[in-house]
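Scroll down for the structure; my scribbles are underneath it.
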Amino acid sequence: MDALRSIRGMNDILPTEANHWQFLENRVAELLERYGYGELRLPLVEPTALFSRSIGEVTDIVEKEMYSFEDRNGDSMSLRPEGTAGCVRAAIQNNLIANPCRLWYSGPMFRYERPQKGRQRQFHQIGAEIFGYATPDADAELIILLARLWRVLGIADAVSLEINSIGSLEARAAYRAALVSYLEQHRDALDEDSQRRLLTNPLRILDSKNPDTQALLNDAPALEDYLDEESMEHFAALRSYLDTAGVSYTVNPRLVRGLDYYNKTVFEWVTDKLGAQGTVCAGGRYDGLVQQLGGRATPGVGFAMGLERLLLMLEVCGQLPEAKAPDIFVVTSGPEAQQAAIAALEHLRDAQPALRIVQQLGGGSFRSQMKKADRSGATLALLWGEDEVAAGEVTVKPLRDGQEQVRLPLVSLAQTIPSLLQQHSH
RNA sequence: GUGGCCGUAGCUCACCGGGUAGAGCACCGGAUUGUGACUCCGGAGGUAGCGGGUUCAAGACCCGUCGGCCACCCCA
């Protein structure tokens with residue numbers, strides 16, 4: 001019988017890697033809490049309509065990338081392809097937006113795409129949203145927080161910030177019409193994908209990777225010429241906050257985003273170190289979304305970062321934490337010694353809860369147990385044999401620095417171990 | 001959804017249309033019967049992704065399929 005496999009693009013995270021995940025998740029969570037964000041834990045499955053109404057009916061995400069199905073009641077539901085929609089839904093449903101608030105969430109997202117580097121079908125994001133402030137200081141806080149995060153993670157030199165304003169809904173609609181009208185006159189010069197986007201999502205043509213298309217865009221109407229006064233002021237204020245905070249950025253007038261709900265500010269942190277999937281974190285403002293999803297009109301702004309991509313960044317930048325070796329590896333010889341060791345180790349764990357203590361299971365010759373002790377990377381080996389049991393003692397052998405082993409009375413083990421570890425760790 | 005490259009031991013990879021498919025690392029045992037690392041000796045581990053075809057002969061060539069990687073697309 002063929003062994004079953006995980007679904008394509010949905011990967012197991014193995015222990016070594018899980019350490020890296022914990023490291024990253026802990027750093028991000030600590031920082032968000034420091035800025036006063038509260039965690040929200042959200043369902044992985046939501047009504048399909050939540051996503052089609054927020055992300056946009058004709059976006060690729062909704063049209064061909066969602067895992068949608070009917071439950072036994074016949075209701076259409078979907079695995080969430082992103083986090084903002086669910087967060088907004090929860091904020092409305094639980095009336096979190098009665099007052100302004102800062103929220104964050106994390107977890108797996110699902111999109112049916114062809115897997116490649118930095119892109120899988122189940123991927124993980126941490127996102128944060130601010131509700132209730134129309135002012136650009138909210139946009140600035142998020143971006144400044146992120147700049148700090150990259151410094152904390154040691155990847156600040158490898159990412160750069162691009163920002164843009166896509167204006168109000170009305171400004172964007174006017175611009176879209178002008179852009180489409182221009183591009184339709186040059187339809188034949190457009191690449192195939194952009195011709196398709198002309199009908200579905202014309203603004204996305206702006207960040208096409210096709211050089212001919214980009215050349216054509218040089219003479220196209222510019223988004224910034226269509227911006228409304230309020231959006232321009234908002235954008236100028238944001239830039240000034242960033243300047244003051246010392247956050248450097250480039251204004252990319254062709255930066256749009258794939259999701260329909262954005263207005264005014266959009267931003268992306270990008271890198272050239274991850275191949276084709278260079279966006280590590282992205283976000284923007286969505287002042288109409290809460291109302292669109294049935295809540296009282298409430299401005300919002302937020303971001304999401306891709307954890308798989310950030311882990312790749314940490315690896316590239318040499319910022320992953322070292323594997324955790326045990327502090328102590330326990331070797332025993334004979335059944336009496338094993339009995340004595342089990343009892344003694346539980347006392348030690350009571351007295352020193354922070355220690356990582358690994359006991360050899362399944363017996364084996366003393367020699368092979370010692371080999372395992374060495375391979376484990378432990379700082380100290382604790383050795384119990386007949387002699388030690390008879391004497392009520394234990395042998396402590398340093399494994400890393402070539403120092404001599406010592407024998408201790410069992411009763412003093414718990415209090416002596418910390419200084420021995422200190423002394424012999426490399 | 002489209003295209004390119006790739007599937008041989010747990011891992012990294014060799015091989016050559018013709019003998020029983022190899023190496024390094026890892027693993028197990030021993031040299032050292034209570035002491036790891038360095039060294040030496042031995043061992044286990046493979047239906048060559050799967051299915052079909054060509055051939056006297058296929059792991060190798062062809063087709064299909066599944067999987068992986070990369071790019072397009074999409075986006076975190």
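Throughout, protein chains are lettered first and strands after them, A, B, ... in sequence-line order, and every chain is numbered starting at 1.
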Value rounded to 0.5 Å, distance of CZ in A:Arg197 from CG in A:Leu203: 11.5 Å

d(CZ, A:Arg121; C1', B:A76) in whole Å: 17 Å

Distance, P atom - from B:G59 to B:A9, rounded to whole angstrom: 15 Å

B:A31 phosphate, OP1 or OP2, under 4.0 Å from A:Arg367 side-chain N/O: no

A:Phe366 side chain, from C-beta outward: closest of B:C73, B:U35, B:A76: B:U35

Touch class at under 4.0 angstrom, heavy-atom based, for A:Ser368 against every strand present: sugar-phosphate

Distance (rounded to the nearest 0.5 Å) between A:Lys273 NZ and A:Cys317 SG: 6.5 Å

Nearest-angstrom distance from the residue atom CD of A:Gln369 to P of B:G34: 11 Å

Span that lies between the P atom of B:C5 and that of B:G22, in whole angstrom: 31 Å

Nearest-Å distance for atom pair CD1/P, residues A:Ile61 and B:G1: 18 Å

Mate of B:G64 where both pairing distances stay under 3.5 Å, Watson-Crick or G-U: B:C50

B:G59 - base-pair partner by Watson-Crick or wobble geometry, distances under 3.5 Å: none

Separation between the P atoms of B:G36 and B:G43, rounded to whole Å: 23 Å

Candidate nucleotides B:G34, B:G36, B:C73, ranked by approach to the side chain of A:Lys371 - the nearest: B:G36

Under 3.5 Å on both distances, the Watson-Crick or G-U partner of B:U20: none

Rounded interatomic separation in angstrom, taking CZ from A:Arg8 and P from B:C69: 8 Å

Atom-to-atom span, CD of A:Glu162 to P of B:A76 - whole angstrom: 14 Å

Integer angstrom distance from the C1' of B:C62 to that of B:U20: 28 Å

Distance in angstrom units between A:Arg197 CZ and B:C74 P, rounded: 4 Å

Residue pair A:Arg151, A:Asp157: steps toward the salt bridge (charged side-chain N to carboxylate O under 4.0 Å, His left out) verdict: CA-CA 8 Å; A:Arg151 291 198 299 275; A:Asp157 292 342; over 6 Å; no

Any A:Gln116 side-chain N or O less than 4.0 Å from OP1/OP2 of B:A71: yes

Carboxylate-amine/guanidinium proximity below 4.0 Å for A:Asp193 and A:Arg196: yes

Closest to side chain of A:Lys397, choosing from B:A71, B:C74, B:U35: B:U35

CZ/A:Arg187: more than 12 non-hydrogen atoms of other groups inside 6.0 Å: yes

Options B:A76, B:U2, B:G36, nucleotide nearest the side-chain atoms of A:Gln125: B:A76

B:G1 phosphate, OP1 or OP2, under 4.0 Å from A:Lys64 side-chain N/O: no

Out of B:C74, B:A76, B:G36, whichever nucleotide has its closest atom nearest the side chain of A:Asp60: B:C74

Nucleotide nearest A:Arg309 when distance is taken to its side chain, options B:C73, B:G34, B:A76: B:A76

Pair partner, B:C69 [Watson-Crick or wobble, under 3.5 Å]: B:G4

Length of the CG-C1' vector between A:Asn210 and B:C72, whole Å: 11 Å

Listed nucleotide nearest any side-chain atom of A:Leu383, set B:G34, B:C72, B:G1: B:G34

Same-atom distance (P) from B:A60 to B:G64, integer angstrom: 15 Å

B:U8 versus B:A21 - spacing of their C1' atoms, nearest Å: 8 Å

Whichever of A:Tyr112 and A:Glu268 has its nearest RNA chain B nucleotide further upstream toward 5': A:Tyr112

A:Arg375 side chain near B:C27 phosphate (N/O to OP1/OP2, under 4.0 Å): yes

Stacked cation flag A:Arg172 on A:Tyr226, 6.0 angstrom / 45 deg: no

B:A14 pairs with, by Watson-Crick or G-U criteria that keep both distances under 3.5 Å: none

Interatomic distance where CG belongs to A:Asp207 and C1' belongs to B:C72 [whole Å]: 14 Å

A:Glu308 side chain, from C-beta outward: closest of B:C69, B:A76, B:C72: B:A76

Among B:G36, B:A76, B:G34, the one nearest A:Thr395 by side-chain distance: B:G34

Separation of the P atoms in B:C50 and B:G10, to the nearest angstrom: 13 Å

Pairwise distance CD(A:Glu184) to CG(A:Leu190) - rounded to 0.5 angstrom: 10.0 Å

Single hit among A:Val331, A:Ile328, A:Val330 for side chain to side chain contact (heavy atoms under 4.5 Å, CB included) with A:Gln359: A:Val330

Pairing partner of B:C40 (Watson-Crick or G-U wobble, both distances under 3.5 Å): B:G30

P spacing across the pair B:G30 / B:U35, given as an integer number of angstrom: 12 Å

Distance test, side-chain N/O of A:Lys372 to OP1/OP2 of B:C28, below 4.0 Å: yes

Watson-Crick or G-U wobble partner of B:U35, both distances under 3.5 Å: none

